[in-house]
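What follows is one structure encoded as structure tokens, with my remarks underneath.
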Amino acid sequence: MSYVTKINPSEPVAVNNARLGALYAEMGEVSAEMGEVSAEDILCRAMEELALRMSHCERLFRTDDHAGLRKSARSLIAIAEQIGMDVLARVAGDVTYCIDRKDTVALAATVNRLMRTGEGSLTAVWDLQDITL
């Protein structure tokens, strides 16, 4: 008799609450009058953009477009850092490192980790918004 072990990897997710707090302190918590942009607006736009870019990264990986994947992962770093998703930014940096080293095995694992971390990070920020709103 043979046994099959199913592995369900999970990623610890951390949101830099200090960075989010600084963003809210700098921009204001809710939509301001006269067209001013609030922290909530920036956060929502950034999260939408992260979701789109993560999807784009996955598509680029599947089509072996490493140059495009590297560019997309770099843009993920900037957005993630802006809203306190430090772990996501670090993993996106790991993706670019794997591309630069031409390590396709590590790249496959790291892109999958990027997707898990990204999904968890987005969920964590949404959960924080639910608590604070």
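Position 1 is the first residue of the sequence; numbering continues from there. For the numbers below, each heavy atom of this structure counts, side chains included, while hydrogens, waters and symmetry mates do not.
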Using a 3.5 Å cut-off and no angle test, enumerate the donor-acceptor pairs between side-chain atoms of residues 60-67 and protein atoms at least two apart in sequence or in another chain.
unit_1 : atom_1 : unit_2 : atom_2 : d
R62    : NH2    : E58    : OE2    : 3.3
T63    : OG1    : R59    : O      : 3.2
T63    : OG1    : L60    : O      : 3.2
D65    : OD1    : G68    : N      : 2.8

Let me check something: any side-chain donor-acceptor pairs from residues 79-99 under 3.5 Å, sequence neighbours excluded? List them with distances.
unit_1 : atom_1 : unit_2 : atom_2 : d
D86    : OD2    : N16    : ND2    : 2.9
T96    : OG1    : G93    : O      : 2.7
Y97    : OH     : R101   : NH1    : 3.4

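Considering only heavy atoms from C-beta on, C57 comes within 4.5 Å of L76 through its side chain.
Within a 6.0 Å radius of CZ in R74, other residues, nucleotides and ligands contribute 12 heavy atoms or fewer.
Judged by distance alone, the side chain of T110 and the main-chain N or O of A106 form a donor-acceptor pair under 3.5 Å.
I77 and L43 sit in two unconnected hydrophobic clusters of ILVMFWY residues. Membership requires side-chain heavy atoms under 4.5 Å apart, directly or through other members. Both L23 and L122 belong to a single network of hydrophobic side chains, linked directly or stepwise wherever heavy atoms of I, L, V, M, F, W or Y lie under 4.5 Å apart.
With values rounded to the nearest 0.5 angstrom, L114 atom CG is found 9.5 Å from E119 atom CD.
Here the closest non-hydrogen pair linking S72 and H56 is OG-CD2, 3.6 Å.
Not counting sequence neighbours, the partners of R53 by the side-chain hydrogen bond (donor to acceptor under 3.5 Å, both in side chains) test are E49, S75.
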